[in-house]
Trainee: 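Got a structure here, written out as structure tokens. Questions coming.
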Amino acid sequence: MDGFETPTAGSRPSEEAADAAPRTALSRRRFMVYSLAASTLTIAAPLGCDTSTAQGATPSAAPAASDVLVTGTDEEMLVLEVTAANKVVVRLPRLEVGQGITTAVAMMIAEELDARIADVDIPLADARTRGNQYTGGSNSVSSLYGPARALAATARARLVTAAARRWRVPAWSLRTRDTMVIGPGGRTATFGSLSASAATIRRTSVSSKPKPAAKHKVIGRPTTRIDARAIVTGEAKYAGDVTVAGVKPTVVARPPTIRGKVVSVDDRAARALPGVRAVVRIPGGVAVVADSFHHAFEARDALKIKWAPGPLAGLSDAAVRSRLKAAVPRLGTPPSGSTQVQGEFEFAFVSHAPMEVLTAVADVRAHKAEFWFSTQTPMEARDAVASAVGLPASAVRVHVLRGGGSFGRRLNYDAAIEAALISKAAGRPVKLMWSRNDDIRHGRMRPASHHRIRASHKDGRVVAFTHSMASVSESSEGKGVVNQAAFRGRLSAGPAPSDSGLYNFGRISGDWGGIELAIPLGAWRSVDSGTMRTAEEIVVDEVAASLGQDAVEFRRTTLRNKAVKAVLDKVAAAGQWGRSLPAGHAQGVAVHEEYGSCVACLAEIDATDPKNPRVTKVVMAADVGRAVNPRGLEAQLMGTAIDGISTVLQAGLHLDRGAVREGSFADFHWARQRHAPLHFEAHVMPAKGDPGGAGELGVPAASGAVANAYARATGTKPRRFPLNF
Amino acid sequence: MPSHSFTLNGKPVTVEAPADMPLLWVLRDLLHVTGPKYGCGVGVCRACTSHLDGEEIQPCVVKVEDCQDRKVTTIEGLADGDTLHPVQQAWMDCDVSQCGFCQPGQIMAAAALLKRTSHPTDADIDRIENVCRCGTYARIREAINKAASEITP
Ligand code: FES
Ligand code: FES
């Protein structure tokens, strides 16, 4: 298997340089803005890679973009419309799952338009046919930051120009505030009242460039979610709350083992129950369509199904763990004369378990179909449901709904495909809901992994750091064997373990291995970093101890990037690193850098009962370049702190003879209020440059800090996660 | 099919439903009151939390027949018209919600707690079992304390 090696520190580009490059490029980008033919002001800016054509061009050389009139599709664009009712509407080609992207975009729009945030609406766009509609990789804010502001700044210039013409005054004499243009003598016109005339304007009399960051009044200001009221009043609608004429609640009877198959089904008793509309066999089991979910569950339980065991029947955790261990590539020889600090780390499978179980409404007709569900990948989902029911993708509409959490789960659209098949077979619209049992036993999960890490030190310095790992990957056929080729492919494509130039650790090396199992897996918030970097941060603590150094001081002297040192210093100061604590209590720290951002976490734990520890305090600090909404960023960090507490201390899945043992939050021990820190604080570092990613950033730092605090409090070396399992 | 009458968010309702039908599905599927959410159906996650005669219940494990002539309050009935309940207001002030799916249940649990105990201790708040997969617990605690001081200064 191919390994990789990087030479010693001197010849690597510094993290700071690597980091700065994309941000500068982003700042320099010019975003083309187009007019769409409409009776109200409607303009569009391309998203994603379309901007690359303008990249690097000097501003003066860029075309006068707002002169371009487009009458065609808005498919690849971010479109802004100012309605006559004085609403600013931007259909967002991204998914809201709680991460706050709709609020962040509303803030960008409000900033550049000088609109009240309450006048900005950010509905989610239906699945498109082209362009980038992918939500993931913590890239939403950074990919929208340029186009959204360019769009709003252009709209503002048009509205001001329209007002100047209407009032016959110079445009420069006008101001904008609260979704209005304000003229001499205090006269006002709402954007809505100017929209129709602004729609005809091509050349603006004032600048259509976004404001310099120093002038920002909305971006960077802690702002409450735009949907906060809808949520607290119960009005916010999720897929299960959708009403479509004739739609019927639907559940699926699923096999006792993962990917078990129906051998035979006797549905007479089920069909005889009241309120049952259809019983349909699908690849995953047997679906029941009924008048209510109560009727559907009752009928599901009345089905007499003979199941064939799934491809993993007979396989349990112990075997998975030993196979993973055997699949970890060897570490090679350490530098001669060095002292070794090493450890092997194991992470169990973890459910995504979004609070809203997978739910999809499907209405499949002979020649067309319509869907309502929450998806991070609407375009792929549409193609998949279309092919499942034998329709061209052009005949399928997918309405994207807000999700009740995702954590990566809604990258896959398993429920939508099932709903499509059931609706087609039953000949009616269905609302398919996975039960919590379905979600945990058959849902997707973060792959289990095994890590072997070795730090070699000599003369008080780390001279080599190596990390080899193996994780489970999903095979479709269920061969359940190691597929070397697949992992070699992954090695060249993805990030490699310990490619963390985070520390000056001399020679960095690593390697991947893995086993394939027919088990439903999925990217889980922070993906491989959640395990890899957590394990590495534990080793960093152990190296510091081996060198007789303080964990914070050791990191300070070995971290490469000033920004990472700064967040570490922030949590050390704010969290009073080193303060004296009673026996059984301790602090732990960890840092992480990814998505053009960095983060540090300090956790305090009470582990006087090691089987029942409580993280009492968490202090985090993040540098995301520029936090559009610091309050939203704080919420994301808060969430990742709970991810760290849950996955490190108590929440995981057992595989028992081909089945997941856990079945609900009763035994999948996600943190409750009594496990959450009594004190949480997050520090957002001062803005500089453009926004980096933030949604997944905190997971490895929080997990590492919790593990390190537990280690210090108990005098143990944490190796298998979750620790109490 | 038996018919059941109770007060829902201040209004009398009558529904035809099997006696053992869980209140959650009566609310969601028959009465189209969708604030109470399904998260497990077995009384564990508490996403469905609502009130029966002012006390906390999990409608997924309460039969509709047990609500006869009683007062059911869901998140939709907590506010007084356009005036939010102090707990809802505190939830907004502290910007508690992330995905929001657990929050109707969290708010109903908090409102019930504040009825029992005007100034809950940390230990009281720790006893709230409602799962928040997004991990908003710190803001929930802050909002409960804020609402407590607003209701009973
Ligand atoms: S749905 Fe009622 S407690 Fe989970
Ligand atoms: S806000 Fe998402 S589960 Fe609580």
Side-chain angles (χ1 to χ4, degrees), chain A residues 96-100 222 224-225 227-238 240-241 243 249 274 291-295 297 353-357 402-407 433 435-436 618 631 635-636 638-643 646 664-666 670-680, chain B residues 1 17-18 20-22 24-26 28-30 32-42 44-47 74-76 78-79 84-85 87-89 91-93 95-104 107 122-123 125-141:
Chain A
E96 174 66 52
V97 289
Q99 83 279 41
T224 299
R225 296 182 66 91
D227 50 5
R229 193 178 172 101
I231 290 171
V232 304
T233 53
E235 277 156 30
K237 295 279 182 267
Y238 304 81
D241 307 331
T243 44
D291 286 346
S292 79
F293 278 108
H294 171 64
H295 293 98
F297 281 127
M355 206 66 217
E356 178 204 13
V357 289
R402 64 178 304 136
S406 179
F407 319 103
M433 182 181 82
S435 70
R436 178 62 65 194
V618 170
R631 188 179 288 167
Q636 289 302 292
M638 183 181 291
T640 60
I642 297 299
D643 291 342
S646 299
S664 81
F665 287 111
W670 198 257
R672 307 296 215 277
Q673 186 64 265
R674 67 179 175 280
H675 308 112
L678 291 162
H679 179 88
F680 174 85
Chain B
M1 209 176 310
D20 64 346
M21 183 161 172
L24 179 64
W25 302 118
V26 170
R28 292 186 54 86
D29 292 346
L30 305 185
H32 307 294
V33 171
T34 56
K37 302 301 185 204
Y38 167 92
C40 69
V42 292
V44 167
C45 75
R46 314 270 171 131
T74 68
I75 188 71
E76 287 93 339
L78 191 63
L84 295 179
H85 184 280
V87 171
Q88 291 171 305
Q89 188 58 52
W91 242 248
M92 286 195 64
D93 295 344
D95 202 18
V96 172
S97 304
Q98 290 189 30
C99 81
F101 202 80
C102 75
Q103 301 298 350
I107 290 168
D122 274 333
I125 295 174
D126 274 356
R127 278 193 282 275
I128 297 178
E129 279 287 326
N130 296 52
V131 178
C132 175
R133 174 62 182 85
C134 298
T136 64
Y137 299 115
R139 287 188 182 173
I140 289 174
R141 185 179 300 274

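Every chain is numbered from 1, with letters handed out A, B, ... down the list of sequences. Just so it is clear, the model here is predicted, and its values are computed rather than measured.
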Trainee: Report yes if the distance between the aromatic ring centroids of Phe665(A) and Trp670(A) is under 6.0 Å, otherwise no.
Mentor: no

Trainee: With respect to chain A, which residue among Asp29(B), Asp95(B), Thr34(B), Ile107(B) yields the maximal number of heavy-atom pairs within a distance under 4.5 Å?
Mentor: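 With the most close heavy-atom pairs to chain A, the winner is Asp95(B).
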
Trainee: Any donor-acceptor pair under 3.5 Å linking the side chain of Arg402(A) with the backbone of Glu96(A)?
Mentor: no

Trainee: So which of Ala635(A), Ala676(A), Gly234(A) has the biggest tally of heavy-atom pairs under 4.5 Å with chain B?
Mentor: Ala635(A)

Trainee: Ignoring hydrogens and geometry, is there a side-chain-to-backbone donor-acceptor pair from Tyr137(B) to Ala671(A) under 3.5 Å?
Mentor: yes

Trainee: Answer whether the closest heavy-atom distance between the side chains of Arg28(B) and Phe293(A) falls below 4.5 Å.
Mentor: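 No, every pair of side-chain atoms sits at 4.5 Å or beyond.
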
Trainee: Using side-chain heavy atoms (C-beta onward) and a distance below 4.5 Å, is Glu235(A) in contact with Arg229(A)?
Mentor: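 No, their side chains stay 4.5 Å or more apart.
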
Trainee: If you define the side chain from C-beta out and look only at heavy atoms, does anything of His294(A) sit under 4.5 Å from Pro18(B)?
Mentor: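 In short, these two side chains touch, coming nearer than 4.5 Å.
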
Trainee: Relative to chain B, which of Gln99(A), His675(A), Met433(A), Arg225(A) shows the most heavy atom pairs under 4.5 Å?
Mentor: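 Going by pairs under 4.5 Å, I would pick Arg225(A).
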
Trainee: Given a strict heavy-atom distance threshold of 4.5 Å, which part of Pro354(A) is in contact with chain B: side chain, backbone, both, or neither?
Mentor: backbone

Trainee: Against chain A, label Ile125(B) side chain, backbone, both or neither, depending on which of its atoms sit under 4.5 Å from a heavy atom there.
Mentor: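 Contact with chain A is through both the backbone and side chain of Ile125(B).
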
Trainee: Of the backbone (N, CA, C, O) and the side chain (C-beta and beyond), which part of Cys132(B) lies under 4.5 Å from a heavy atom of chain A, both, or neither?
Mentor: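 Only the backbone of Cys132(B) comes within 4.5 Å of chain A.
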
Trainee: What residue, out of Met355(A), Gln673(A), Arg436(A), has the most heavy-atom pairs lying under 4.5 Å from chain B?
Mentor: Gln673(A)

Trainee: Most heavy-atom pairs under 4.5 angstrom with chain B, which of Thr224(A), Asp227(A), Ile642(A)?
Mentor: Thr224(A)

Trainee: Among Pro222(A), Ala228(A), Gly100(A), single out the residue with the greatest number of heavy-atom pairs under 4.5 Å to chain B.
Mentor: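 Between Pro222(A), Ala228(A), Gly100(A), the count favours Ala228(A).
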
Trainee: Check for a donor-acceptor pair, side chain of Glu76(B) on one end and backbone N or O of Gly35(B) on the other, with a separation under 3.5 Å.
Mentor: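 The answer is yes, because a donor-acceptor pair under 3.5 Å joins these two groups.
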
Trainee: Report yes if some heavy atom in the side chain of Ser435(A) is under 4.5 Å from a heavy atom in the side chain of Phe297(A); otherwise report no.
Mentor: yes

Trainee: Restricting to salt bridge (Lys or Arg N to Asp or Glu O under 4.0 Å), what partner residues turn up for Asp122(B), sequence neighbours left out?
Mentor: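 With neighbours one apart ignored, the set is Arg141(B).
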
Trainee: What part of Asp126(B) gets closer than 4.5 Å to chain A, counting heavy atoms only: side chain, backbone, both or neither?
Mentor: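 Both parts, backbone and side chain.
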
Trainee: Need one label for Ala666(A): side chain, backbone, both or neither, based on atoms under 4.5 Å from any heavy atom in chain B.
Mentor: both

Trainee: If I measure from the heavy atoms of chain B, does Tyr238(A) come under 4.5 Å with its side chain, its backbone, both, or neither?
Mentor: side chain

Trainee: Could you tell me which of Val357(A), Asp643(A), Thr233(A) has the largest number of non-hydrogen atom pairs under 4.5 Å with chain B?
Mentor: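 Most pairs with chain B among the choices: Thr233(A).
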
Trainee: Can you sort out the partners of Arg46(B) under salt bridge (Lys or Arg N to Asp or Glu O under 4.0 Å), two or more places apart, ordered by chain and number?
Mentor: Glu56(B)

Trainee: Find the one option among Glu129(B), Arg127(B), Met1(B) whose heavy-atom pairs under 4.5 Å with chain A are most numerous.
Mentor: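 Max contact count across the listed options: Glu129(B).
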
Trainee: Can you tell me which portion of His295(A) sits under 4.5 Å from chain B's heavy atoms? Options are side chain, backbone, both or neither.
Mentor: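 Interface part for His295(A): side chain.
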
